[in-house]
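Below is one structure; the comments refer to it alone.
Computed from a predicted structure; not experimentally measured. Sequence positions, counted from 1, serve as the residue numbers for this chain.
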Amino acid sequence: MEYSYLFIVIFLFALAVIDLWVGVSNDAVNFIGSAVGCRAAKLKHVIMVAAAGVFIGAAFSNGMMEVARSGVFNPSEFYFSEVMCIFLAVMVSDVFLLDLFNSLGLPTSTTVSLVFELLGAAFIVAIIKMLGGGADMDIVALLNTDKALVMIISIFLSVAIAFVFGTLVQWIARLVFTFNFRKNLGRKIGLFGGIAVTSIVYFMLIKGLKGTTIISADVKDYINDNLLFVLAVCFIFFTLLMQLLHWMKVNVLKIVVLIGTFSLAMAFAGNDLVNFIGVTLAGFDSFIEFTFNNPAGLGADQFTMESLAGAAKTPVYYLLGAGAIMVFALCTSKKALKVLQTSIDLSTQNNDENEIFGTSPIARNLVRITTKMADSVVKNTPQGVKNWVNKRFAPVEEREDVAFDLVRASVNLVLGGLLIAVGTSLKLPLSTTYITFMVAMGTSLADRAWGRESAVYRVTGVISVIGGWFVTAGAAFILGALVAAIMYYGGIVAMYAMIALVIYLLVHSHIKYNKKKKEEQSDSTMQIMLGSDDEAEVWSALEERAAKTLSSSLVFSAETYKRMFEAFAKDSLRPLKLSLIRIVEEKAALKKQRRLETRGLQRINQQLSFERSTWYHLCTNSCQQMLNTLTRIGEPMKEHADNSFSPLSKNYVEEFTPYCRDVYSVIMDINTMVTSGDYSNKDEVSSRAKDLKHSLATLRKVQTRRLQGNKGSLRMDFEYLNLIQESHELLSEVRNLLRGGCKLFAPVN
């Protein structure tokens, strides 16, 4: 039996390594997002600063491992087999959830994941024990419900607090410094730098070093007893130092940003380390206790775990090893950069950036209501005040690769650290993810980054991310409970099965992510093109990209058209539903590609740009209209099949099948020309499409006469007529695309 659990402990350590990796990938945005967004330093230098903070924070970890051991449940009421079931369920659920959110590029909270997975797994095991008569106490005694409730409320309340304070503080900071802050620093920068660095020191003392196992108790007591004096000395020293550095032509704001990055990274590693290795170490301690401190030789389902209620004593070499893994993950993880990009895109000052989120009814209503309220406030504000405020918020030209400036980055880091420190001093467990993300959203709103052209996209993105946090909590609880229940009833066999399942899921997720990454690599070509000053290079890249976009639309249209007709002929509903979903996705993808490629056209000379833009827009409009036509074909078909109306008659199927085949053939022949760049037989294909249009027009007249003498299903006859009519329109758009493609990809003279 011991050997069976030994394998589980080994696997827990393996999962801890993976959890460290995916956890850092997810949480890296918390401490490097601001520095990267404002380009305070090169990415590699920002990562080096953050890596130093992560490693030192891990070494100075503050001993919060009790959260995993006894923070959610009372270990004295559970047997060894039960706590191992809980711990393994938590780790299996945690790795899967965090990797899923990372793959989607959405920030989530490792704290929330851990708490709700522990709560779900412990809850279901406690319920099973109670139902089985194995526990005399109620659920309140088995679980630390009060502590869990306070933790949950404080975590979600911090979302609103961080957003409000982020908006207010950034608005004041912008009034003081304006967007043209380099000319408005003067003597104010010393005071600002002193406040900022002192706040960061306070954050490091309260949040970063609290409970550390390396700093002696005497030093910590002295800091706590003389905190105001220490902060006063720091404020005076750093104010003078920052002002002196400014006079020496040193960029003080960059120093503030990098120090803030270091402090947040250190606090993250020191406080969130429990989220990654706490459960594994608790499981290891449980195994050691059961194996070596069990003189009576009790079985796994008889040995209680009172030892977990004691204080955790984590060896330093575990902390250093975890720190090394975290640093390596930070420096090499591509998923970290994807999550980072999500947060930066939602707070960027550049309204012309490609939005990664669409719109939603909730976001549209919120933006509309807020806009009306803002307009009302503006109308009742004196004109002089409005002019002064607008002057302070007048934008200036910044580098295209900068999402926001150093002032906002400084506020993000300083305010985020302060809010976390205040929450810690009040003994409220807060999520660093929630605080840092919502502060960044608040500061971007105050900076008017959410303009009329982008607000609805930004609000949709924020709602999506916050919704993801709530989904994380619910999914973590349910998944933790489900996995724990399966393991509890299935025993060792079920535990091994879950181990195999999580290995499969991780491998599958990795393969899927790499495949998606390859599909997205073509976007990097466009980004390189947009930054090039060589018109020939710009046009070459644009030509290649536009050809891929048109080819993708043609193949999609041909396949979807054929699939929908075959599904309608067989009265099959599911393929019709899936086709309509894919049409919506294709429209979104085409819109994104069109925006990128249009920006590329703007970089070539005006005469060539005007000529090519005309034909390019003709082609993309044709692609858009092809998708609209497919929608008009598919929606009536789906409604017809969904209502179980009379299916398409056999005679109609046999009559239209050759037309469907010919339409498909024409579209695919045009795709061949687009991909090869050889338009030598364009006249022949265009003539075929024209003849096919005439044939469909004739068939339409025949079907119209049939309707006049209809003796069968009128609905079915109308659906068939709609199919003929829209097929005719589809060919018209295909011919337009062929004509535009010939002109668009003609050699440049």
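Formation of a donor-acceptor pair under 3.5 Å by the Ser572 side chain with backbone atoms of Phe568 is not found in this model. The backbone N or O of Leu479 lies less than 3.5 Å from no partner atom in the side chain of Glu117, so there is not a single donor-acceptor pair. Looking only at distances, a side-chain donor or acceptor of Ser676 sits under 3.5 Å from a matching main-chain atom of Thr672. Judged by distance alone, with hydrogens and angles left aside, the side-chain atoms of Ser687 form no donor-acceptor pair with the main-chain N or O of Asp683 at under 3.5 Å. For the pair Thr629 (side chain) and Gln625 (backbone), a donor-acceptor distance under 3.5 Å is present.
Ring geometry for Phe645 versus His640: interplanar angle over 60°, hence perpendicular rather than tilted (30 to 60°).
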Chi angles and distances behind the side chain to side chain donor-acceptor pair (under 3.5 Å) call for Asn671, Ser551: CA-CA 5 Å; Asn671 173 64; Ser551 174; 2.5 Å; yes
CA sep, side-chain torsions, deciding dist, call: Leu696, Phe656, side chain to side chain contact (heavy atoms under 4.5 Å, CB included): CA-CA 10 Å; Leu696 286 169; Phe656 195 78; 4.0 Å; yes
Glu655/Arg706 under salt bridge (Lys or Arg N to Asp or Glu O under 4.0 Å): CA gap, chis, key distance, verdict: CA-CA 14 Å; Glu655 180 180 66; Arg706 288 172 181 168; 2.7 Å; yes
Worked verdict on Asp678 versus Ser680 for side chain to side chain donor-acceptor pair (under 3.5 Å): CA-CA 6 Å; Asp678 181 8; Ser680 57; 2.9 Å; yes
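Note that CG of Leu15 is 8.0 Å distant from CD1 of Ile503, once rounded to the nearest 0.5 Å. Note that CE of Met626 and CG of Asn621 are 12.5 Å apart. Values are rounded to the nearest 0.5 Å. Atoms CD1 and CZ, on Ile128 and Phe123 in that order, are 10.5 Å from each other to the nearest 0.5 Å. Atom OG of Ser93 sits about 11.0 Å away from atom CD1 of Ile478, to the nearest 0.5 Å.
Put simply, the side chain of Arg563 reaches to within 4.5 Å of the side chain of Thr560, judged on heavy atoms. A 4.5 Å side-chain heavy-atom check between Asp571 and Leu648 finds every atom pair outside the cut-off. By the 4.5 Å heavy-atom criterion applied to side chains, Tyr720 and Ile724 are counted as neighbours. In this structure, the side chains of Val734 and Ser622 stay at 4.5 Å or more apart for every pair of heavy atoms. Lys693 places a side-chain heavy atom less than 4.5 Å from the side chain of Ser732. Using a 4.5 Å heavy-atom cutoff, the side chains of Ile633 and Phe565 are not in contact.
The aromatic ring centres of Tyr561 and Tyr664 sit 6.0 Å or more apart.
A salt bridge links Asp669 with Arg688; the closest basic N to acidic carboxylate O contact falls under 4.0 Å.
Applying the salt bridge (charged side-chain N to carboxylate O under 4.0 Å, His left out) test to every pair with at least one member in residues 627-651, sequence neighbours left out, gives these pairs: Arg632-Glu726.
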